[in-house]
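So the structure is just underneath, and the comments pick up after that.
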Amino acid sequence: MKRILLMVFRNIIFVPYMWCKLCYYASHVEKYSEQKRYDMLRYIVFRANKGGNVHIDVYGKENIPKENGFIFYPNHQGMYDVLAIVEGCTVPFSVVAKKEVENVQFLKQVFACMKAYLIDRNDVRQSMRVIASVSKEVEMGRNYLIFAEGTRSKLGNKLLDFKGGSFKAATKAKCPIVPVALVNSFKPFDTNSIKIVNVEVHFLKPMLYEEYKDMKTTEIANEVRKRIAEVVERKE
């Protein structure tokens, strides 16, 4: 909370205008291209990070596929994760998030601008519909981010198990899977500090469909987790 207040205070002249702009874009998503909406979000995130003493170190940008139609699979450390990846990635992507965040101000507007899907983990049918919709959109060239842990680890730089079901959208779309290793992404919003913090975003080598087509989704989940863990644990 302290860091959020610092972000607002240091951008106090900028906040009212950009908040109104964010809300307008969120309510009129069809008026603007995905790239325009995404560029607006990246600018807001950049200003917030600068004001909030958050520095993003990005590694492996060359691993982001040149052609659209891929899915990011990062570890899930905290509420800040998506914002870290937004600053680190110039290519627009959307998100599959849990339904519980639909009323969290700012995130609500951000996800609306991204035309994100909110998944109800207690409703299997709704979850399957979301998976089917995401896979179709990825086939058509949209990019997505899915948290395979399903929830924040709340263990700092420790990973939870990755759920095989999270990879069904990728297997249906036969798209590249891009593991993303986040380091210290829990610190900006989940610690009560305003000290300068360095968050690392590592885009790892994609797994192409030819590599995982004969694997079960649980095997894919374990492999992606292993690759991310290798990076995160080196930073411990």
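Every value quoted in this text rests on a predicted model; they were computed, and no experiment measured them.
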Scan for salt bridge (charged side-chain N to carboxylate O under 4.0 Å, His left out) pairs involving residues 46-66, sequence neighbours excluded, and state none if there are none.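 Every pair satisfying salt bridge (charged side-chain N to carboxylate O under 4.0 Å, His left out) with a residue in residues 46-66: there are none.
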
Taking side-chain contact (heavy atoms from CB on, under 4.5 Å) as the test, write out the residues that go with [X], two or more places apart.
X	answer
Ile13	none
Lys226	Glu223, Glu230
Lys99	Glu102, Asp120

Between [X] (side chain) and [Y] (backbone), is there a donor-acceptor pair under 3.5 Å?
X	Y	answer
Arg152	Met79	no
Ser153	Gln77	no
Asn157	Val183	no
Tyr212	Pro176	no
Thr218	Gly164	no
Arg42	Val86	yes
Glu219	Lys216	yes
Arg10	Gly51	yes
Asn53	Ile194	yes

Report yes or no: do [X] and [Y] belong to one cluster of Ile/Leu/Val/Met/Phe/Trp/Tyr joined by side chain heavy-atom distances under 4.5 Å?
X	Y	result
Tyr209	Ile131	no
Tyr43	Ile56	yes
Leu160	Phe147	no

Partner residues of His28 under the ring pair (Phe, Tyr, Trp, His ring centres under 6.0 Å) criterion, sequence neighbours left out: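 Partners of His28 by the ring pair (Phe, Tyr, Trp, His ring centres under 6.0 Å) criterion, ordered by chain and then number, come out as Tyr24.
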
Do other residues, nucleotides or ligands put more than 12 heavy atoms under 6.0 Å from [X] [atom1]?
X	atom1	result
Gln105	CD	yes
Leu155	CG	yes
Lys174	NZ	no

Interatomic distance, [X] atom [atom1] to [Y] atom [atom2] [nearest 0.5 angstrom]:
X	Y	atom1	atom2	answer
Thr151	Lys98	OG1	NZ	4.0 Å
Lys168	Ile220	NZ	CD1	11.5 Å
Ile177	Ile146	CD1	CD1	9.5 Å
His202	Tyr59	NE2	OH	5.5 Å
Asp39	Ile44	CG	CD1	11.5 Å
Leu22	Cys113	CG	SG	5.0 Å

For a 4.5 angstrom cut-off between non-hydrogen side-chain atoms, does Ile85 reach Phe203?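 Answer yes - side chains close enough.
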
Walk me through whether Leu182 and Glu200 qualify under side-chain contact (heavy atoms from CB on, under 4.5 Å). CA-CA 6 Å; Leu182 297 174; Glu200 297 183 15; over 6 Å; no

Once salt bridge (Lys or Arg N to Asp or Glu O under 4.0 Å) is applied, do any residues pair with Arg142, and if so which ones, sequence neighbours excluded?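 With neighbours one apart ignored, the set is Glu34, Glu137.
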
Between Tyr80 and Asn49, a side-chain donor and acceptor under 3.5 Å: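 Per modelled atom types, Tyr80 and Asn49 side chains form a pair under 3.5 Å.
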
Side chains of Asp81 and His76: is there a donor and an acceptor less than 3.5 Å apart?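 Their side chains do contain a donor-acceptor pair, which is all the 3.5 Å distance test asks for.
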
Measure up the Phe72 and Phe93 rings against each other and bin them: parallel (under 30°), tilted (30 to 60°), perpendicular (over 60°).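 Answer is perpendicular, since the angle exceeds 60°.
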
Could you walk me through whether Phe14 and Tyr17 pass the ring pair (Phe, Tyr, Trp, His ring centres under 6.0 Å) test, one step at a time? CA-CA 6 Å; Phe14 166 83; Tyr17 169 71; 7.4 Å; no

Can Glu211 and Arg227 be said to form a salt bridge (Lys or Arg N to Asp or Glu O under 4.0 Å), step by step? CA-CA 14 Å; Glu211 182 180 351; Arg227 296 185 186 190; 2.5 Å; yes

Ring pair (Phe, Tyr, Trp, His ring centres under 6.0 Å) between Phe167 and Tyr73: does it pass, once the steps are laid out? CA-CA 9 Å; Phe167 293 87; Tyr73 283 94; 4.1 Å; yes

